[in-house]
Engineer: 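Would you mind keeping the following structure in view while I ask a few things?
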Number of protein chains: 2
Amino acid sequence: MLKEERQQFILNEVGIHNRVLLTDIADQLNVSVDTVRRDIKELHAAKLLKKVHGGAVSLGFNNYNPTGKKIYSLDKKSQIAEKALGLIKDGQVILISGGTTNLELARMLPPKLKLTCFTPSLPIAVQLLGKNNIEVIFIGGRLSKDSQITVGGSAINMLSEIKVDICFLGTNSIHPMEGLTEFDWEIVQMKKAMIHSSRKVVSPCISEKLGSTQRYKICGVEEVDVLITELEPWDVKLDAFKNLNIQIV
Amino acid sequence: MLKEERQQFILNEVGIHNRVLLTDIADQLNVSVDTVRRDIKELHAAKLLKKVHGGAVSLGFNNYNPTGKKIYSLDKKSQIAEKALGLIKDGQVILISGGTTNLELARMLPPKLKLTCFTPSLPIAVQLLGKNNIEVIFIGGRLSKDSQITVGGSAINMLSEIKVDICFLGTNSIHPMEGLTEFDWEIVQMKKAMIHSSRKVVSPCISEKLGSTQRYKICGVEEVDVLITELEPWDVKLDAFKNLNIQIV
DNA sequence: CAAATATATGCAAAAAACTGCAAATCATGC
DNA sequence: GCATGATTTGCAGTTTTTTGCATATATTTG
């Protein structure tokens, strides 16, 4: 096996899952972890991915990981995604925004579930396309390289023409008083449009992001119907959100 | 065995598999690894492949087909794609339909080329997103599972709002009298809309499809400005297309 | 803080690349 | 037909790269 092939494989994995574990790769390719470590080191130097403790993450998605150090939060994201699955009923029409938590959700959708899914996220569309019982409708528009979702007037226009049962709104920052915030203006516009197109807004959010704020405001907390975190319902970090007419899962 | 033959063989292998091992080639051709090494060195100098430790990889190797479908007659398609590259000028606005030949084209777009690309194809969008100098605009709509392009009214609507310099129209069947045909009605509608949105229509088409017809008609041959095949210009298979006011590449 | 896990470093074996050289092959001119 | 020179090919020795392992250090997590 050529070094190039290995590195390509790693990049592919990162491209698909947005994260890889050193040990996973070493296992799949039957090479030592040292070798994979060295490969990732090179790819990192070549700025093709980001090396982190335990593995690597995709460059485009460090938006969702401002610290860039917690790739193990995947477990948390899976937990959140699993809870989110419980909100979906067969035959519904849903809207999935970008972000790694939502990508996990898309991955975990059971094959037998019949759905119509709207999404502006390229990786999520790829994921959903693999599921035979899901009708995928892609929100067109200009693709943002960082977030890998479509943005801009055309996308917002298309969103304005739909009304879905549930929207899973990837959440960068949520604060009990300040509401949902983002640092990218274009994504703010997209998320506003998504909220407007949905009867029910679900906000999957890992606990690190609870209480944080960013530059631009999307909406107040009252616009969110359901907040999903990986925490147990009685966790103190959730106290601030408990009297805001939000369902907490 | 002539040096020329060997090098052709190597290029062919690289074209098909995207990578070759030095030892494999030496073994298959019954020559020493040194000879193969020298060949690869020359081909590398001629920029026909990339020499790496242990073998060689194709030039567009650092790319990935996320949907994982196998592409047949890749070598021919690469040749077509390479010819198609010659039609694109820096700064243009282009529209790329679906199909594996066009995916090859997307793969081979040089990183330094500045372009605005519209596409309804998911794999092509993924491919283009990796190129920093290309602005990608995705034609939204319902994603068709088998063709992996968006179809339907919404997509056609979005197409109706644009006008691009060149459209690379993946071609299933082309016949000198019957024109371009397709077997999927929805794709026919998409292609019609694409032609309508383009100042120049380029039809990349491998020779097997020349002269064949399908169920539904997209347009007459006169709508196509350029026909690209892998054949040499004087090939008899092209004779039937020579008096139709089409540029043949 | 301590256990578990991940990283960095030095090292040695294996694989591959480079170098120089000689034999074989081929084209060319006489 | 044959000598000449250029090119090609394979071989042996040396150098470089890659890879896995062992050990020491650093980081994460409960």
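Lettering follows sequence order; numbering is per chain, from 1.
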Engineer: How long is the line joining CD of A:Glu4 and C1' of C:dA16, in whole Å?
Structural biologist: 13 Å
Engineer: Write out all pairs satisfying ring-ring contact (aromatic ring centres under 6.0 Å, His included) with one or both partners inside residues 186-216 of chain A, taking only residues at least two apart or from two chains.
Structural biologist: A:Trp185-A:Tyr216
Engineer: Output the rounded distance in Å from CD1 (A:Ile25) to P (C:dA6).
Structural biologist: 14 Å
Engineer: Please enumerate all residues that pass salt bridge (Lys or Arg N to Asp or Glu O under 4.0 Å) together with A:Arg6, with sequence neighbours excluded.
Structural biologist: A:Asp39
Engineer: At a heavy-atom distance below 4.0 Å, what parts of residues 44-53 of chain B sit against DNA chain C?
Structural biologist: B:Lys51, B:Val52, B:His53
Engineer: Round to the nearest Å and state the distance from A:Arg37 atom CZ to D:dA26 atom P.
Structural biologist: 15 Å
Engineer: Can you tell me which residue pairs pass the side chain to side chain donor-acceptor pair (under 3.5 Å) test with a partner in residues 40-51 of chain B, sequence neighbours excluded?
Structural biologist: B:Lys3-B:Glu42, B:Gln7-B:Glu42
Engineer: Round to the nearest Å and state the distance from B:Leu22 atom CG to D:dT18 atom C1'.
Structural biologist: 15 Å
Engineer: May I have the list of side-chain donor-acceptor pairs in residues 221-228 of chain A shorter than 3.5 Å, sequence neighbours left out?
Structural biologist:
residue: A:Asp225; atom: OD2; partner: A:Val201; partner atom: N; Å: 2.6

Engineer: Looking at residues at least two apart in the chain, or sitting in another chain, which of them share a salt bridge (Lys or Arg N to Asp or Glu O under 4.0 Å) with A:Glu82?
Structural biologist: none
Engineer: Rounding to a whole Å, what distance do you find between B:Leu21:CG and C:dA15:P?
Structural biologist: 14 Å
Engineer: Using whole Å, what does the distance between atom C1' of nucleotide D:dT19 and atom NZ of A:Lys41 come to?
Structural biologist: 14 Å
Engineer: Begin with the C-alpha distance, continue with both residues' side-chain angles, and end with the deciding distance and a verdict on salt bridge (Lys or Arg N to Asp or Glu O under 4.0 Å) for A:Glu182 and A:Lys191.
Structural biologist: CA-CA 9 Å; A:Glu182 268 282 348; A:Lys191 291 196 173 171; 2.7 Å; yes
Engineer: For B:Thr23, check side-chain hydrogen bond (donor to acceptor under 3.5 Å, both in side chains) against everything at least two apart and list the hits.
Structural biologist: none
Engineer: Look at A:Lys3 and D:dT18 and indicate whether a side-chain polar atom (N or O) is within less than 4.0 Å of OP1 or OP2.
Structural biologist: yes
Engineer: Report, one pair per line, the protein and nucleotides 10-13 of chain D atoms (nitrogen or oxygen only) whose separation is under 3.5 Å.
Structural biologist:
residue: D:dG10; atom: OP2; partner: B:Ser32; partner atom: N; Å: 3.2
residue: D:dG10; atom: OP2; partner: B:Ser32; partner atom: OG; Å: 3.0
residue: D:dG10; atom: OP2; partner: B:Thr35; partner atom: OG1; Å: 2.2
residue: D:dG10; atom: N7; partner: B:Arg38; partner atom: NH2; Å: 2.6

Engineer: In whole Å, what is the span from the CG atom of A:Asp39 to the P atom of D:dT17?
Structural biologist: 16 Å
Engineer: Applying side chain to side chain donor-acceptor pair (under 3.5 Å) as the test, list every pair that has at least one member in residues 238-249 of chain A; sequence neighbours left out.
Structural biologist: A:Asp239-A:Lys242
Engineer: Give me the one residue out of A:Asp235, A:Leu238, A:Thr229 that meets side chain to side chain contact (heavy atoms under 4.5 Å, CB included) with A:Ile248.
Structural biologist: A:Leu238
